Protein chains: 2
Amino acid sequence: MTTLSGQLGKDLQRGGYRLTASRKIILDIFRYGSRPLSAEDIYLAIRAENKNVGLTTIYRALDSLVKANIVRKFAVNTERALYELAGKQACEHHHHLVCRKCDLLIDYKDFCEEEVRLIKRIEELVAKRHSFEIHDHQLSFVGICNRCQKEKK
Amino acid sequence: MTTLSGQLGKDLQRGGYRLTASRKIILDIFRYGSRPLSAEDIYLAIRAENKNVGLTTIYRALDSLVKANIVRKFAVNTERALYELAGKQACEHHHHLVCRKCDLLIDYKDFCEEEVRLIKRIEELVAKRHSFEIHDHQLSFVGICNRCQKEKK
DNA sequence: CTGCATGCAAACCCTTTGCATTGGG
DNA sequence: CCCAATGCAAAGGGTTTGCATGCAG
C-alpha cells in the first residue's frame with residue numbers, strides 16, 4: 001500500500017511530532033478529498049474504512065498538524081471548526097461560499113486573476129499599515145444557494 | 001437622556017420585534033463602540049453600567065437583531081460568536097486582521113472604498129458563476145501582529 | 001528506554017431550551 | 001389583553017483535559 005501521506009508525514013516529523021498510525025490515516029483522508037473537514041467528518045471517514053481512531057485523538061492530531069503548518073483551521077460559523085490542507089500542499093488556495101439557509105459550503109478556486117491580484121494588493125497595503133506579518137487569508141461570501149432560492153417560492 | 005438607539009429601535013420594531021429596556025441598552029452599547037462584541041462582552045459592559053440583563057436575554061436579543069438585519073454575526077475562530085452592527089448602520093463595512101499567536105483582532109476599514117468596489121465585482125462574478133444570491137462577505141487576514149513579531153526574538 | 005500519543009470518561013465553555021412570570025404595544 | 005420577552009436552571013454540542021496505558025524514535 002502506497003502511503004499517500006509520505007511528504008506530509010516528513011513535514012510533521014520535522015516539526016518534532018511523531019508519525020503514528022492514526023496520523024497517517026488522518027493525513028491520507030486529507031489527501032483524498034480536499035474539501036474542508038470537521039473533526040467529526042474525519043472520525044466518520046475513518047470508521048467508514050473499518051478503522052478506528054478516537055475523536056480525542058483526532059482533535060489532538062489536528063492540533064499538531066495545525067502547529068506544524070500542514071493544516072489550516074478555520075471557522076465559517078461557530079458550530080464546528082473546519083480543517084483543510086494548508087499552504088503549498090493544498091492543491092490551490094480557495095475561497096468559500098456559504099449558504100445561510102442550509103449551511104451548504106462550496107469552495108471555489110475558479111477565481112479570476114483579478115481576484116488574486118486584488119487580494120495580493122490589499123494584503124500588502126494592510127500588512128504595511130498595521131505592521132502585520134500576513135500568512136494567509138480567508139474570503140467567504142455568505143448568501144443563499146441556488147437550491148434554497150428555488151425552495152423559497 | 002437621549003436614546004442613541006432611536007433609529008435602530010425603529011428598524012427592530014419594523015421587524016415585528018419589541019423594543020424593550022434590555023434591547024435599548026444593548027443597542028446603545030453597539031452604538032458606543034463599533035468593534036465586534038461577544039455576548040459576554042455585552043453582558044459585562046451592561047454590568048459595568050450597574051444595570052443587569054441576563055446572558056440568556058442577550059443571546060435572544062442578539063438573535064432578533066440578526067434576524068432584523070441590524071447586527072451581523074460572524075466567527076473568527078470557533079471560540080465564541082462575535083456581533084457587530086450590520087449594513088448601513090455600521091459606519092462602514094470592514095475587514096479583519098487576526099493574530100495567530102495572541103488572537104488579537106483588529107478590524108480595519110482604511111481601504112474599504114477600494115476594497116469594497118473590487119470585492120463587489122468579484123461578488124458579481126462569483127454569484128453568476130455559482131448561481132448564488134450573495135448577501136454579505138467576510139475577509140480576514142491571518143498572521144502575526146506587530147507585538148508578537150517582536151516577542152519572537 | 002523515554003516521552004509523546006492514545007482512549008475513555010469527565011470536565012469545560014459557549015449557547016440554547018423549558019417553564020413560569022413579566023410587560024410591551 | 002395577548003403574545004413576545006425575560007430569568008433561572010438545566011440541557012446540549014463541540015472541544016479539551018486528567019490519567020493510566022501503549023508505542024514511536
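Here the structure is a predicted model, which means the values were calculated and not measured. We name chains A, B, ... by the order of the sequence lines, and we start the count at 1 in each one.
End-to-end axis angle of the helix from C:dC1-D:dG25 to C:dG25-D:dC1, using five pairs per end and rounding to 10°, comes to 50°.
With values rounded to the nearest 0.5 angstrom, A:Asn69 atom CG is found 11.5 Å from A:Leu12 atom CG.
A donor-acceptor contact under 3.5 Å is formed by the side chain of B:Arg18 with the base of D:dC3.
For A:Arg47, the side chain to side chain contact (heavy atoms under 4.5 Å, CB included) partners are A:Tyr43, A:Asn52, not counting sequence neighbours. In this structure, the ring pair (Phe, Tyr, Trp, His ring centres under 6.0 Å) partners of A:Phe74, at least two apart in sequence or on a different chain, are A:His96. For the salt bridge (charged side-chain N to carboxylate O under 4.0 Å, His left out) test, residues two or more places apart in sequence or in another chain that qualify with A:Lys67 are A:Asp63. Residues that satisfy the side chain to side chain contact (heavy atoms under 4.5 Å, CB included) test with B:Ala75, not counting sequence neighbours, are A:Ala75, A:Thr78. Partners of B:Ser38 under the side chain to side chain donor-acceptor pair (under 3.5 Å) rule, at least two apart in sequence or in another chain, are B:Asp41. Checked against side chain to side chain contact (heavy atoms under 4.5 Å, CB included), B:Glu79 has the following partners two or more places apart in sequence or in another chain: B:Asn77, B:Asp103.
Atom CG of A:Leu12 and atom P of C:dC4 are 14 Å apart (whole Å). Atoms CG (A:Leu62) and P (D:dT15) sit 10 Å apart, rounded to a whole Å. Distance, B:Ile26 CD1 to D:dG7 C1': 14 Å, rounded to whole Å. For A:Glu79 and D:dG13, the CD to P distance is 12 Å, given to the nearest whole Å. For the pair A:Leu19 CG and D:dG22 P, the interatomic distance rounds to 21 Å; values are reported in whole Å. Straight-line distance from the CG atom of A:Asp63 to the P atom of C:dA5: 11 Å, rounded to whole Å. Look at CZ on B:Arg80: it is 15 Å from P on D:dT15, rounded to the nearest Å. In this structure, the CG atom of A:Asn77 is 12 Å from the P atom of C:dT15, given to the nearest Å.
In this structure, B:Leu85 and B:Arg31 have side chains that are in contact, with non-hydrogen atoms separated by less than 4.5 Å. Inter-residue side-chain proximity for A:Ile70 and A:Leu27 is flagged as met; some heavy-atom pair is nearer than 4.5 Å.
Nearest heavy atom pair, residue A:Ile26 against residue A:Ala61, reads CD1-CB, 3.6 Å.
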Inset, instruction - Start with the C-alpha distance between A:His95 and A:His137, add both sets of side-chain angles, then the distance that settles side chain to side chain donor-acceptor pair (under 3.5 Å), and finish with yes or no. - result: CA-CA 9 Å; A:His95 296 160; A:His137 66 263; 3.1 Å; yes
Legend entry - Contact pattern, 5' to 3', of nucleotides 6-11 of chain C - B, S or - by protein heavy atom under 4.0 Å: BBBB--
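For the segment residues 42-50 of chain A, the set of residues with a heavy atom within less than 4.0 Å of an atom of DNA chain D is empty.
Each of B:Ser38 and B:Tyr17 was matched to the nucleotide of DNA chain C holding its nearest heavy atom; the match closer to the 5' end belongs to B:Ser38.
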